[in-house]
Structures are given as C-alpha cells and as structure tokens.
Number of protein chains: 2
Amino acid sequence: MSNNECSIQQTLDVIGDRWMLLIIRNLFRGARRFGELEEDLGIAKNLLTARLNKLVGAGIAERVPYQERPLRHEYLLTQKGRDLSPSLVALMKWGDRWCNDGSAPTVLVHSDCGTPLMQVTHCPTCDDSLDPGQIRSRPGPGAQEALR
Amino acid sequence: MSNNECSIQQTLDVIGDRWMLLIIRNLFRGARRFGELEEDLGIAKNLLTARLNKLVGAGIAERVPYQERPLRHEYLLTQKGRDLSPSLVALMKWGDRWCNDGSAPTVLVHSDCGTPLMQVTHCPTCDDSLDPGQIRSRPGPGAQEALR
DNA sequence: AGAGTCAGTTGCAAAAGTAAACTGACTCCC
DNA sequence: GGGAGTCAGTTTACTTTTGCAACTGACTCT
C-alpha cells in the first residue's frame with residue numbers, strides 16, 4: 001500500500017541490510033581497502049565482496065585502482081555515498097542517547113571549530129526546529145506526476 | 001576495532017534489519033494494529049510477531065490493550081521510538097534525492113504551516129549548517145571518562 | 001625457492017525469511 | 001444456536017541468505 005509511495009522503502013532496498021551502513025561508516029572514516037574493511041568490521045570476505053559490488057553497482061562507492069601488478073583497488077564514496085552522512089549521523093545520535101545513556105562514545109564535531117554538532121529538522125518558513133509531533137507526511141511532486 | 005566505540009553499531013543491532021525501520025515508519029504514520037502493519041508492509045505474520053516483540057523488548061514500542069474480550073493490543077511508539085524520527089527523515093531524504101530524481105513521493109511538512117522541511121547538521125558555535133566534509137569524529141565523553 | 005600478502009572465490013552448514021495452513025477467542029447475523 | 005467472519009497470532013514445510021573455513025591466483029620480498 002504505502003510501500004512505493006515512500007523513499008524509505010527504496011533507500012532500505014539499497015542500504016538496509018546489516019552490513020551496508022557499517023561499511024559506509026568505515027568508508028567515511030577513511031577506510032579504503034578490502035582488507036582494512038574486513039578486519040575492522042569482522043565481516044566474512046564473501047559478504048564483503050558482495051556488499052562492495054552492490055555499493056559500486058548502486059553508485060554509492062567507486063572502485064579505483066591504486067596499483068597495477070597485482071591490480072588492486074580501493075573503494076571511495078561518491079557524492080551519492082557522502083550524502084548518506086546525515087542518515088549515519090542521525091542513527092549515531094540515536095544510539096548515543098538510547099544505547100549509551102546519552103554519553104557519546106564517538107562525537108561528531110565541526111572540523112573548523114571543534115564544536116559538537118546538532119542535527120535538526122528545520123522549517124524554513126517558521127525558521128524553527130521541530131520535534132516529531134510537528135511533522136506530517138503528504139504525497140509529494142513525484143506522486144502527483146504519476147496521477148496525471 | 002572501531003566497533004564498540006560507535007553508536008551506529010549498537011543502533012543497527014536494534015533496528016538494522018530489513019523490516020524494523022519500515023515497521024517503525026508505519027507506526028509513525030499512525031498504523032497501530034497487527035493486521036494493519038501486516039497488510040501495509042506485506043510482511044509474513046511470524047516475522048511481524050517477532051519484530052514487534054523485539055520492538056517492545058527494546059522499548060521502542062509499547063503494547064497497549066485497546067479491547068478486552070478478545071484481548072487485543074495496539075502498538076504505540078515510545079519516546080525512544082519517536083526519537084528515531086530524524087533517522088527516518090534522513091533516509092527518506094536520501095531516497096528522494098538518489099532513488100527518485102529529487103522528486104519526493106512523500107514529502108514531510110510542518111504540521112503548523114505546511115512548509116516542506118529541511119534537515120540540517122548544525123554547528124551551534126558557528127550557527128551554520130555543515131556538509132559532510134566539515135564533519136570529524138572524535139572520542140566523546142563516554143570514551144573520555146574511561147581515560148581519566 | 002619458499003614464505004607472505006592481498007583480494008578475492010568456492011563449498012557447505014546454520015540461520016533467517018516466506019507462504020500457507022491451522023488455532024483460539026471472540027462477534028455478528030439469520 | 002449454528003455458520004461465517006475477524007483478528008492476532010503459531011506451526012510447518014520450504015527457500016534464500018549468512019557465516020565460516022579452506023582454497024586460489026597474482027604478485028612481492030628475502
């Protein structure tokens with residue numbers, strides 16, 4: 001019913017498995033090579049292979065050779081991948097608050113000034129940040145086009 | 001290595017499977033009953049049972065009787081569950097942009113004024129919104145306490 | 001030549017997911 | 001009061017996906 005109306009479904013089809021976001025998190029932190037990811041995550045090699053192929057196929061990461069003979073690649077986030085940053089930040093914040101008593105094991109800071117960051121849902125009209133009760137969903141432009 | 005330092009891992013342990021976030025999304029949208037979730041999502045009944053138990057066990061949803069004879073429950077998000085809103089919003093935005101050409105099938109609006117919302121990562125010191133390149137991670141208060 | 005590294009592939013057992021049938025406690029209607 | 005229907009599951013049989021370990025291939029280093 002509400003499935004195809006919603007981007008959450010489509011997003012989760014791509015990155016909604018147990019490993020994807022963890023791999024992406026490590027790519028954000030600077031991991032690039034197969035072995036590096038494998039060791040950090042403790043993921044089985046075949047799964048890592050499959051996941052990296054999926055990431056590359058989805059355009060979230062790209063495979064770039066860093067040496068010939070033997071040919072070796074590294075995996076870099078594309079813009080599409082880097083754009084997952086807010087999602088990771090949001091999930092991390094939730095974990096900080098609800099799985100770690102509000103004390104963050106890792107904290108995100110502004111690279112310029114070192115201030116810990118906030119993530120907010122913002123209404124441009126009211127110029128205010130909102131909580132969940134003030135958010136409604138409604139069909140957007142994509143849905144309207146399908147009806148015409 | 002970096003596993004336990006990070007709340008993303010812990011968050012995904014709780015809600016990082018294919019169904020959890022979709023169930024939570026539907027709870028956000030007002031679904032409350034077993035059959036409602038089952039039909040909307042197309043999830044197998046046994047999985048829905050297992051997932052709802054996990055959500056209740058994790059304190060993300062609570063099971064509240066809405067009738068006796070026969071006893072029937074509905075599932076409501078707790079504060080912990082409602083607090084996943086920013087994560088869902090972020091994932092949805094990503095899907096809008098990257099899976100739907102930027103046109104949102106469903107759009108989130110401010111209930112007061114109807115304006116479509118933005119989600120931003122914000123530096124309270126600089127009073128500015130940031131992009132991923134300006135974000136660094138470092139050990140937080142949880143980790144620091146362990147060092148003192 | 002032998003040992004080591006890196007990035008995978010292959011094979012198999014275990015776990016998780018799916019679909020469909022079944023259960024139990026009721027209500028509704030003739 | 002008997003039959004049909006609803007709702008929220010449970011059970012069962014089957015398929016798919018994981019996870020682990022061992023193996024491969026192309027090299028380098030000593």
Side-chain angles (χ1 to χ4, degrees), chain A residues 1-4 8-27 30-58 60-77, chain B residues 1 3-4 8-9 12-27 29-58 60-77:
Chain A
M1 174 211 180
S2 49
N3 286 355
N4 327 30
I8 292 174
Q9 172 83 54
Q10 290 159 279
T11 299
L12 292 178
D13 287 346
V14 187
I15 51 134
D17 90 35
R18 190 165 133 231
W19 291 111
M20 283 300 207
L21 283 174
L22 292 175
I23 293 169
I24 293 166
R25 175 198 66 178
N26 279 32
L27 292 175
R32 288 155 182 246
R33 315 243 281 246
F34 188 91
E36 219 174 338
L37 291 166
E38 184 199 355
E39 190 181 2
D40 277 9
L41 294 168
I43 185 178
K45 285 156 175 269
N46 54 349
L47 293 188
L48 181 54
T49 301
R51 290 301 173 282
L52 287 172
N53 287 339
K54 192 174 175 189
L55 284 176
V56 171
I60 292 170
E62 55 187 336
R63 197 193 315 264
V64 181
Y66 67 91
Q67 66 172 42
E68 318 282 327
R69 335 182 37 75
L71 183 57
R72 293 282 180 267
H73 303 96
E74 55 185 10
Y75 297 89
L76 301 175
L77 289 173
Chain B
M1 174 213 179
N3 285 357
N4 327 31
I8 292 173
Q9 172 83 56
L12 293 178
D13 287 345
V14 186
I15 52 134
D17 92 36
R18 193 164 128 231
W19 289 113
M20 282 300 207
L21 283 173
L22 292 175
I23 293 169
I24 292 165
R25 174 199 67 178
N26 279 32
L27 292 174
R29 291 183 179 166
R32 287 155 182 246
R33 314 243 282 243
F34 188 93
E36 220 174 336
L37 292 166
E38 184 199 354
E39 190 180 3
D40 277 10
L41 294 168
I43 185 178
K45 284 157 175 271
N46 53 349
L47 292 191
L48 181 54
T49 302
R51 291 302 176 280
L52 287 173
N53 287 339
K54 193 175 173 187
L55 284 176
V56 171
I60 292 170
E62 55 186 335
R63 197 194 313 266
V64 180
Y66 67 91
Q67 64 171 42
E68 316 283 328
R69 329 183 42 72
L71 183 56
R72 292 280 180 267
H73 302 97
E74 55 186 10
Y75 296 89
L76 300 175
L77 289 172

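Note on naming: letters A, B, ... go to the chains in the order of the sequence lines (proteins, then strands), and numbering restarts at 1 for each one.
- The shortest distance between the side-chain N/O atoms of B:W19 and the OP1/OP2 oxygens of C:dG17 is not below 4.0 Å.
- As rounded to whole Å, 10 Å separates atom P of C:dA7 from atom CD of A:E74.
- One interatomic measurement links the two molecules: CD of B:E39 to P of C:dA19, which rounds to 15 Å at whole-angstrom precision.
- In this structure, B:I43 places its CD1 atom 10 Å from C1' of C:dG17, rounding to the nearest Å.
- Between the side chains of A:Y66 and A:R32, no donor-acceptor pair is found at a separation under 3.5 Å.
- Protein atom CD of B:Q67 is 8 Å distant from nucleotide atom P of C:dT27, rounded to whole Å.
- Between A:R51 and A:D17 there is a salt bridge, since a side-chain N of the basic residue sits under 4.0 Å from a carboxylate O of the acidic one.
- Scanning for salt bridge (Lys or Arg N to Asp or Glu O under 4.0 Å) contacts around B:R18 gives an empty result, with sequence neighbours left out.
- Minimum interatomic distance between B:V64 and B:L76 (heavy atoms only, all atoms of both residues): CG2-CD1, 3.9 Å.
- A:L22 contributes atom CG, which lies 11.0 Å from atom CG of A:D40 (distance to the nearest 0.5 angstrom).
- Atom CZ in B:R33 sits roughly 10 Å away from atom C1' in D:dT6 (whole-Å rounding).
- Across the interface with DNA chain C, nearest-nucleotide mapping of A:R63 and B:R51 shows A:R63 to be the residue nearer the 5′ end.
- Rounded to a whole Å, the CZ atom of B:R18 is 13 Å from the P atom of D:dT16.
- The side chain of B:T49 lies closest to D:dG9, out of D:dT18, D:dG9, C:dG8.
- The separation between B:I23 atom CD1 and C:dG17 atom C1' is 13 Å, rounded to whole Å.
- Remark: A:Y66 is in phosphate contact with C:dA7, judged by side-chain N or O atoms under 4.0 Å from OP1 or OP2.
- Side-chain proximity of A:N46 to C:dG8, C:dT9, D:dA8: nearest is C:dT9.
- Taking the side chain of B:L47 as heavy atoms from C-beta on, and the options C:dG17, D:dC7, D:dT18, the nearest nucleotide is C:dG17.
- A pairwise comparison of heavy atoms in B:Q67 and B:P70 identifies NE2-O, 2.9 Å as the closest pair.
- If you take CG on B:L47 and CG on B:L41, they are separated by 11.0 Å, rounding to the nearest 0.5 Å.
- The interatomic distance linking B:L48 (CG) with C:dA16 (P) rounds to 17 Å, in whole Å.
- The shortest distance between the side-chain N/O atoms of B:Y75 and the OP1/OP2 oxygens of D:dA8 is not below 4.0 Å.
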Shorter than 3.5 Å, N or O on both sides, protein versus nucleotides 22-26 of chain C: list them out with atom names.
from	atom 1	to	atom 2	distance (Å)
C:dC26	O3'	B:R69	O	3.4

